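Data first, discussion second: the structure below is written as structure tokens.
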Amino acid sequence: EVFRKCIERQDGDQRVIDDYSRLPQPAGTVQFATARAGYVTAVDAERVGVAVRALGGGRSRAEDTIDHAVGVIVRAKPGEYVAEAGTVFEIHDSDPEKLAEAGRILSGAYTIGDAPPASEPLVLEEIA
């Protein structure tokens with residue numbers, strides 16, 4: 001209900017909460033697979049963002065338009081095991097040139113290792 005109110009205050013269509021088909025839909029979806037099996041040890045969020053911008057889902061300049069139907073879904077998070085040719089990213093778009101550019105960027109956006117990464121604390125320090 002809070003989200004509905006946020007959408008209403010921005011003159012948006014609140015019906016999207018109950019019916020996702022009202023949102024812009026991508027023309028196509030491509031699975032980005034790993035070259036080898038192992039544990040995802042890192043995902044570079046900045047590179048994922050750069051890939052989304054290359055698809056048209058962000059701006060390089062203020063006058064650029066945003067395509068709300070494109071994007072990247074991270075399917076394998078750090079610590080998860082992926083099989084060889086397992087999906088790491090799901091890319092939403094259909095333009096072959098944009099897909100190729102996003103794929104090039106995403107190829108360096110994750111690291112696969114033989115062991116899961118060491119877990120890190122959720123709280124680094126408390127400030128009194």
Side-chain angles (χ1 to χ4, degrees):
E1 290 308 310
V2 171
F3 188 45
R4 268 184 221 281
K5 288 178 184 173
C6 289
I7 293 172
E8 176 185 9
R9 287 183 182 139
Q10 297 179 40
D11 296 323
D13 183 355
Q14 302 168 44
R15 296 174 294 177
V16 299
I17 293 173
D18 302 312
D19 182 5
Y20 294 149
S21 70
R22 301 185 73 79
L23 294 169
Q25 300 297 311
T29 301
V30 174
Q31 307 299 317
F32 186 91
T34 63
R36 72 178 194 100
Y39 291 90
V40 177
T41 58
V43 174
D44 185 336
E46 181 179 5
R47 287 185 78 112
V48 173
V50 170
V52 171
R53 187 178 63 212
L55 293 168
R59 292 184 175 110
S60 295
R61 297 181 316 269
E63 61 272 11
D64 290 348
T65 59
I66 294 177
D67 182 348
H68 297 282
V70 302
V72 174
I73 297 174
V74 179
R75 291 290 182 201
K77 313 287 190 288
E80 292 182 13
Y81 181 84
V82 289
E84 184 176 347
T87 299
V88 181
F89 303 112
E90 184 176 294
I91 308 170
H92 293 259
D93 201 331
S94 62
D95 182 313
E97 288 180 25
K98 290 181 180 179
L99 285 170
E101 176 66 8
R104 184 189 64 72
I105 295 165
L106 290 172
S107 67
Y110 70 97
T111 307
I112 302 291
D114 294 326
S119 62
E120 300 201 16
L122 294 176
V123 178
L124 299 177
E125 70 178 278
E126 289 185 37
I127 301 173

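Only this structure's heavy atoms are used, side chains among them; waters, hydrogens and symmetry mates stay out. Quick caveat: nothing in here was measured; it's all calculated off a predicted structure.
Annotation for Glu84 and Ala37: closest pair N-CB, 3.4 Å, computed over non-hydrogen atoms. Contact record, Gly79 with Pro117: CA-CD, 3.6 Å, taken as the closest heavy-atom pair. Minimum interatomic distance between Ala102 and Leu55 (heavy atoms only, all atoms of both residues): CB-CD2, 3.8 Å.
Remark: Arg61 engages Glu63, Asp64 in a side chain to side chain donor-acceptor pair (under 3.5 Å) (not counting sequence neighbours). The side chain to side chain donor-acceptor pair (under 3.5 Å) search around Ser119 returns none, not counting sequence neighbours. Residues meeting the side chain to side chain contact (heavy atoms under 4.5 Å, CB included) test with Arg75, sequence neighbours left out: Ile73, Thr87, Glu90. For Asp11, there are no side chain to side chain donor-acceptor pair (under 3.5 Å) partners at least two apart in sequence or on another chain.
The closest side-chain heavy-atom distance from Val40 to Lys77 is not below 4.5 Å. For the pair Val72 and Leu106, the minimum side-chain heavy-atom distance is below 4.5 Å. Within the 4.5 Å cutoff, side-chain heavy atoms of Pro78 are placed close to those of Val43.
With Gln25 contributing its side chain and Tyr20 its backbone, the two residues share a donor-acceptor pair below 3.5 Å.
Using cut-offs of 30° and 60° on the angle between ring planes, the pair Phe89 and Tyr110 is perpendicular.
Note on Ile105 and Ile112: separate hydrophobic clusters, where clusters join Ile, Leu, Val, Met, Phe, Trp and Tyr whose side-chain heavy atoms are under 4.5 Å apart, directly or indirectly. No path of Ile, Leu, Val, Met, Phe, Trp and Tyr side chains, each step under 4.5 Å between heavy atoms, connects Tyr39 with Val74, placing them in separate hydrophobic clusters. Residue Val50 is not grouped with residue Phe32 when hydrophobic side chains (ILVMFWY) are merged at heavy-atom distances under 4.5 angstrom, including chains of intermediate members.
Once rounded to the nearest 0.5 Å, the distance linking CG of Leu99 with CD1 of Ile91 reads 6.0 Å. Between Leu122 atom CG and Leu124 atom CG the span is 9.0 Å, to the nearest 0.5 Å.
In this structure, Arg4 pairs ionically with Glu1, as a charged nitrogen and a carboxylate oxygen lie closer than 4.0 Å.
Applying the side-chain hydrogen bond (donor to acceptor under 3.5 Å, both in side chains) test to pairs two or more places apart or on separate chains, those with a residue in residues 93-108 are Glu101-Arg104. Note on residues 21-48: pairs passing salt bridge (Lys or Arg N to Asp or Glu O under 4.0 Å), not counting sequence neighbours, are Asp13-Arg22, Arg36-Asp114.
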